[in-house]
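A quick write-up on the structure given underneath.
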Amino acid sequence: MSASSTKNDFDENIASIDFIPSDPNATFYFLPNGIGKDRRTIFTNAIQQFHLQLLTSPKNARFIIVDEQFDAPKVYSVLKLDASENDEKPKPIIIQTKWLSDSLKEKHLVPLTKDYIIRAPLIRKKAMPSFSQEPVIEEKTRFQNKPKRRLSDDQPQGGSATQVKQRRYSSDDDDDDYDIMEDYNDTVKNPYKHGELPKGNWMCSMSSQTAKKNTEVNKDIIEKLQAMADLYSKTNDKWRAYSYQKAITTIRRCTKRIDSYEEIIKLPGIGESLAKKIWEIIDTGSFEKLEDFQSSEYMTVINLFGNIWGCGPNIAKQWYDQGFRTLDDLRTKAKLSHNQQIGLKYYDEFLERMPRDEVAEIEAVVKEHALALVPDLTIQTCGSYRRGKATCGDVDILITHSDGISHQGLLIPLVDSLRKSGMLLKFI
DNA sequence: CAGTAG
DNA sequence: GGGCCTTACTG
DNA sequence: GCCC
């Protein structure tokens, strides 16, 4: 697991580090970047528990603890430290958080062996280093030559920042040499050709023609089951809804028109109860249970209320039990949370889908604002838009950076920027 | 923590 | 009979 | 609801 594949370039002087926690030289800095809230708390507590001397600044820290995803150049870049060789100060020793994890397991500090230490950035020794090493050096050069504006890297990230996912180098790929070379060319030679993601042979990048065709053959079945699943999902019967949804997925994958009970019951995730219902739809063309639900006042109202953003099965039932039956009842009488107020105000809008042109417009605006904050971001709109749908229920935008770091903490400033532009009406 | 949403 | 998908925010 |  540890990064021992490049041991040739490892500073061999460091076999294992001895230090005494009370030694004033044994100062630590904990780099929270790329570490989730919960893990941060755990590690911070561990540092206290082991009585390590934690500094608030990395400047004078002898040891720097970082997430496993970091290599030395990234650490230096994030901390804006000088990596030059002829520095009077000894360079800090960069340690993986695994050292803390293992120490927690052992209930005491485990020896700080070289497996926990991330190698210092060394000057290139040979003309042709190994592939796995090469991108690291190139990357360091990029950092030095192209300083970028970065947003509050040293601020703890809010939980919502996890919406921004990242693409990162993977040193443990099982790919063969050819693929490694491809990845190398991609990320190193053209690292700043942003805005476009590699067009892989992925399911999600293909237009769903086959799926479209498949839904046609059993369309009536799927529609009725989906209606039931939607209703159940708005009651407290979420597992029943879950089963319906799984059955729908299975049937959607059937190319052939289903026309016998025997073939239904064979399908995975479809048992006797659902098979009977599906056969009823095929045989009679109707679904009595669904029609019962649709004619029930309770289910109708629960469905109506449940379509309000921020109202789930429990709140819907509470409102029903309080005697509310219409959206106007809610508007005038019910106690609504902030989200529910917005959900009610924009009830129809939230149920509507927008043409994909509109998604493109939104994408353009978001791109403009994001790139103004951090250049060279990779921005890709995903979801139904990326799958080529004619209409979309929402806009999913994935923002990353090829260095795996610079996009961190972007979300909040980006939302702020969009809000100032007047693009955001409300947030929920 | 329960409820909701992703 | 009990799990089925995970994680985060809100109030 | 399905499945173990």
Between A:E291 (side chain) and A:S286 (backbone), is there a donor-acceptor pair under 3.5 Å? no
Rounded to the Å, how far apart are A:I342 CD1 and B:dA5 C1'? 14 Å
Could you check how far CD1 of A:I251 sits from P of D:dC2, rounded to whole Å? 12 Å
Within less than 4.0 Å of OP1 or OP2 of B:dT4, is there a side-chain N or O belonging to A:N339? no
Round to the nearest Å and state the distance from A:L231 atom CG to D:dG1 atom P. 13 Å
Measure CD1/A:I265 against P/D:dC3 and give the value in whole Å, please. 8 Å
Using the C1' atom as the point on both nucleotides, what is the distance between D:dC2 and C:dT7, in whole Å? 25 Å
Any side-chain donor near an acceptor of the partner, A:Q226 and A:D230, under 3.5 Å: yes
Please write out each protein N/O paired with an N/O of nucleotides 2-4 of chain C under 3.5 Å, distance rounded to 0.1 Å.
residue	atom	partner	partner atom	Å
C:dC4	O3'	A:Y242	OH	3.2

Within residues 318-336 of chain A, find the residues that approach DNA chain C with a heavy atom at under 4.0 Å, and present them sorted by residue number. none
In whole angstroms, the gap separating P of C:dC5 from CD of A:Q245 amounts to 14 Å
Contact class for A:L225 vs. all strands (heavy atom < 4.0 Å): base, sugar-phosphate, or nothing? nothing
I'd like to know if the side chain of A:T27 reaches the main chain of A:R62, judged simply by a donor and an acceptor atom lying under 3.5 Å from each other, with no hydrogens or angles considered. yes
Test: A:D329 and A:R325 ion pair at under 4.0 Å: no
Could you state the atom-to-atom distance from CD of A:Q226 to P of D:dG1 in whole Å? 16 Å
For A:N307, enumerate each residue passing the side-chain contact (heavy atoms from CB on, under 4.5 Å) test, keeping only those at least two apart in sequence or located in another chain. A:K234, A:N303, A:Y347, A:L351
Closer than 4.0 Å, any side-chain N/O of A:K277 to the OP1 or OP2 of D:dG1? yes
Using salt bridge (Lys or Arg N to Asp or Glu O under 4.0 Å), reason through A:K256 and A:E263 one step at a time and then give a plain yes or no. CA-CA 11 Å; A:K256 170 189 171 299; A:E263 63 181 309; 3.1 Å; yes
Given C:dG11, D:dG1, B:dG3, which nucleotide is nearest the side-chain atoms of A:R240? D:dG1
Roughly how many Å apart are C:dG3 and B:dA2, using the P atom of each and rounding to a whole number? 16 Å
Check for a donor-acceptor pair, side chain of A:D416 on one end and backbone N or O of A:P413 on the other, with a separation under 3.5 Å. no
So, applying side-chain contact (heavy atoms from CB on, under 4.5 Å) with A:W279, which one of A:T284, A:I264, A:D259 is it? A:I264
Taking the side chain of A:L274 as heavy atoms from C-beta outward, which of B:dT4, D:dC2, C:dG11 is closest to it? D:dC2
Are the side chain of A:H401 and the backbone of A:H407 linked by a donor-acceptor contact shorter than 3.5 Å? no
More than 12 non-hydrogen atoms from neighbouring residues, nucleotides or ligands closer than 6.0 Å to CD on A:Q294, yes or no? yes
Give the nucleotide from the list B:dG3, C:dG11, D:dG1 with an atom nearest to the side chain of A:N314. B:dG3
Please give, in whole Å, the distance from B:dA5 C1' to A:D394 CG? 12 Å
Measure NZ/A:K238 against P/B:dG3 and give the value in whole Å, please. 11 Å
